[in-house]
Amino acid sequence: MGKASRDKRDIYYRKAKEEGWRARSAFKLLQIDEEFNIFDGVKRVVDLCAAPGSWSQVLSRQLYLPAKLSPDSRHNDLPLIVAIDLQPMAPIEGVIQVQGDITNARTAEVVIRHFDGCKADLVVCDGAPDVTGLHDMDEFVQSQLILAGLTIVTHVLKEGGKFISKIFRGKDTSLLYSQLKLFFPVVTFAKPKSSRNSSIEAFAVCENYSPPEGFNPKDLHRLLEKVGSPWGGDDLDCSSAWLEGPNKVYIPFLACGDLGGYDSDRSYPLPKVADGTYQSLDPVQPPIAPPYKRALELKKASNQGGIRDLE
Ligand code: SAM
């Protein structure tokens, strides 16, 4: 698809370039905030799976820059934003970057060290695996990222804090909902207007972090497994993911973002300049080390008969 054609078919892709966002995903976080005010009173945030960085840009623009520019700002009182990804990210003002795997226990330790004993008010996670198109597999890998995010949450989020995580809607959605409800009394699955209807993604907006009494983060996985089984729920009243029919758990699902605003599934005419042509903008920040780079190098080398040199 040419750049101009994508600009026409994807209004949020075009708007992201016009407004200086590295990815169209920025609008998803902004629209979630419009509905849930997730940035209210936030001083410390963790952005999991952050590259190329449009959510970190939103955090920087909404939290860090206004605080820095405020006349009574003090250096040691500025919001702390820690962003993590497997991929390296170009710098963003006010954002500490960590390159690492969120499923690795050491990554959680690095995040905790940055918070220096303090806890975060908000953890956001837009993690997505490389999608295979095999729906069950993609949903499973995605759920592993959410669990990794939740593990980090149990170590760094303060009581009363919020956790926003991308989810893939599928047959295990109600199980996931029940698991999140163990830790958050208010869980809503939201679909921002900028997320296409054709996409299975949605976002779990989890509010008011309240781990079960006596909870030990080491027991997280055992606790979550219990929720999924009909006999293991014990005294947990949210262990009903396995119920069916009228007894099933109904998940609060909310469309968010200005519903009269741009529709991500529609094509929009391109704005023309004076001579009647359209000028497509370049992406704001191309990825610095995309995973596909090596594949392209290998392909190019093999076309030139030089694949051995790269192996
Ligand atoms: N929120 C980002 C933004 O606004 O620019 C976009 C995130 S992108 C949809 C998904 C990211 O998840 C990718 O950059 C990928 O590298 C990252 N990711 C996937 N698995 C990960 C893991 N195990 N640890 C850390 N990052 C991971």
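Just so you know, these numbers come straight off a predicted model, no measurement behind them. Heads up: numbering here begins at 1 and tracks the sequence. Numbering of ligands and ligand atoms starts at 1, following listing order.
Interface of Leu86 with ligand 1, defined as ligand atoms under 4.0 Å from a residue heavy atom, comprises 20 (N), 21 (C), 22 (C), 24 (N), 25 (C), 26 (N), 27 (C). Against a heavy-atom cut-off of under 4.0 Å, Asp101 is close to the following atoms of ligand 1: 22 (C), 23 (N), 24 (N). Counting the atoms of ligand 1 from 1 in the order shown, those under 4.0 Å from a heavy atom of Gly100 are 24 (N), 25 (C). Short contacts between ligand 1 and Asp126, defined as distances under 4.0 Å to a heavy atom of the residue, involve ligand atoms 1 (N), 2 (C), 6 (C), 7 (C), 9 (C), 10 (C). Per-residue contacts place Gln87 under 4.0 angstrom from the following atoms of ligand 1 (heavy atoms of the residue considered): 16 (O). Using a 4.0 Å cut-off to heavy atoms of Ser54, the atoms of ligand 1 that qualify are 3 (C), 4 (O), 5 (O). For ligand 1, the atoms closer than 4.0 angstrom to any heavy atom of Pro52 are 5 (O).
With a 4.0 Å heavy-atom cut-off, ligand 1 is reached by the side chain of Leu145 but not by its N, CA, C or O. Residue contacts with ligand 1, taken as heavy atom pairs separated by less than 4.0 Å, involve Ser25 solely via side-chain atoms from C-beta onward.
The distance criterion of under 3.5 Å between nitrogen or oxygen atoms is met by Ala51 with respect to ligand 1. Considering backbone and side-chain atoms together, Lys166 places no N or O closer than 3.5 Å to any N or O of ligand 1. Checked against a 3.5 angstrom limit, the closest N/O atoms of Thr103 and ligand 1 fall outside it.
Among all heavy-atom pairs drawn from Tyr268 and Asp263, the shortest one is OH-N, 2.9 Å. The two residues Val187 and Tyr177 have their closest heavy-atom pair at O-CE1, 3.4 Å.
Judged by distance alone, with hydrogens and angles left aside, the side-chain atoms of Asn208 form no donor-acceptor pair with the main-chain N or O of Pro185 at under 3.5 Å. Counting only distance, with no hydrogens or angles, the side chain of Arg22 and the backbone of Gln285 share no donor-acceptor pair below 3.5 Å. No side-chain donor-acceptor contact under 3.5 Å links Lys15 to the backbone of Tyr262.
Here the protein heavy atom with the shortest distance to atom 12 (O) of ligand 1 is Cys49 CB, 3.3 Å. For atom 14 (O) of ligand 1, the closest heavy atom belonging to the protein is Asp85 OD2, 2.8 Å. Among protein heavy atoms, the minimum distance from atom 24 (N) of ligand 1 is reached at Ile102 N, 2.9 Å.
Using the six-membered ring where Trp is involved, Trp21 and Phe27 have ring planes that are perpendicular, over 60° apart on the 30 and 60° scheme.
Geometrically, Arg24 does not engage Tyr13 in a cation-pi contact, judged by NZ or CZ lying under 6.0 Å from the ring centre and within 45° of the ring axis.
Note that the CG atom of Asp101 and the CG atom of Leu86 stand 5.0 Å from one another [nearest 0.5 Å]. The CD atom of Gln142 sits 8.0 Å away from the CD1 atom of Ile200 when rounded to the nearest 0.5 Å.
Gln31 and Ser194 are linked by a side-chain donor-acceptor pair at a separation below 3.5 angstrom, with hydrogens and angles left out of the test.
Scanning Cys125, Ser56, Ala50 for the heavy atom closest to atom 2 (C) of ligand 1 points to Ala50. Ranked by closest heavy atom to atom 19 (C) of ligand 1, the top entry among Ala128, Gly53, Gly127, Gly149 is Ala128.
No close placement of the Phe39 and Trp55 rings is indicated, their centers lying 6.0 Å or farther apart.
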